[in-house]
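As structure tokens, the structure follows; a few thoughts come after it.
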Amino acid sequence: MNKINILTIGRHPEILQTVVRLVNNNPDWQCTGALSDEDALAAFTSTPFKLVLLGGGIGPESEQKLCAAFRAHDPEIKIVQHYGGGSGLLFAEIYQALG
């Protein structure tokens with residue numbers, strides 16, 4: 001079975017690293033982290049992601065730009081805002097988004 005690719009974007013390196021590690025603890029998921037809009041867009045166009053997690057610190061302009069670019073590339077992409085709340089909430093958000 002193929003892993004589900006998840007792109008996580010955040011502006012805080014330590015938090016992003018933690019989220020990526022937590023997501024990757026699930027054997028069915030493969031998470032890639034990006035700190036900048038440019039890294040996120042480059043990763044998104046090179047990997048078939050099923051879900052994008054938007055973390056804290058992303059400004060409204062960046063969020064709009066990223067979401068528009070992701071949806072232009074893949075209209076079916078699921079995008080979820082994750083601003084913390086622990087690993088239980090993180091996993092619940094992912095499972096809900098993936099349906």
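Given the structure is predicted, the values throughout are model-derived calculations rather than measurements.
- Residue Leu35 is found in a hydrophobic cluster whose other members, listed by chain and number, are Leu16, Val20; membership requires side-chain heavy atoms under 4.5 Å apart, directly or through intermediates.
- Partners of Arg11 according to the salt bridge (charged side-chain N to carboxylate O under 4.0 Å, His left out) rule, which considers only residues two or more places apart in sequence or in another chain, are Asp37.
- With a 4.5 Å cut-off on side-chain heavy atoms, Ile6 and Gln30 do not count as touching.
- Annotation: side chain of Val23 is in contact with side chain of Leu90 (closest heavy-atom distance under 4.5 Å).
- Take Thr45 and apply the side-chain contact (heavy atoms from CB on, under 4.5 Å) test, not counting sequence neighbours, and it matches His73.
- To the nearest 0.5 Å, atom SG of residue Cys31 and atom NZ of residue Lys3 are 11.0 Å apart.
- For Leu89, the side-chain contact (heavy atoms from CB on, under 4.5 Å) partners at least two apart in sequence or on another chain are Glu93.
- Taking NZ of Lys78 as the start and CD1 of Ile94 as the end, the distance is 13.5 Å to the nearest 0.5 Å.
- Residue Val52 belongs to a hydrophobic cluster whose other members are Leu7, Ile9, Leu41, Phe44, Phe49, Leu54, Ile58, Leu66, Phe70, Ile77, Ile79, with links defined by side-chain heavy atoms closer than 4.5 Å.
- Nearest heavy-atom pair, Asn5 versus Pro48, reported as atom, atom and distance to 0.1 Å: ND2-O, 3.4 Å.
- With sequence neighbours excluded, the residues satisfying side-chain contact (heavy atoms from CB on, under 4.5 Å) with His12 are Ile15.
- Between Leu98 atom CG and Asp28 atom CG the span is 10.0 Å, to the nearest 0.5 Å.
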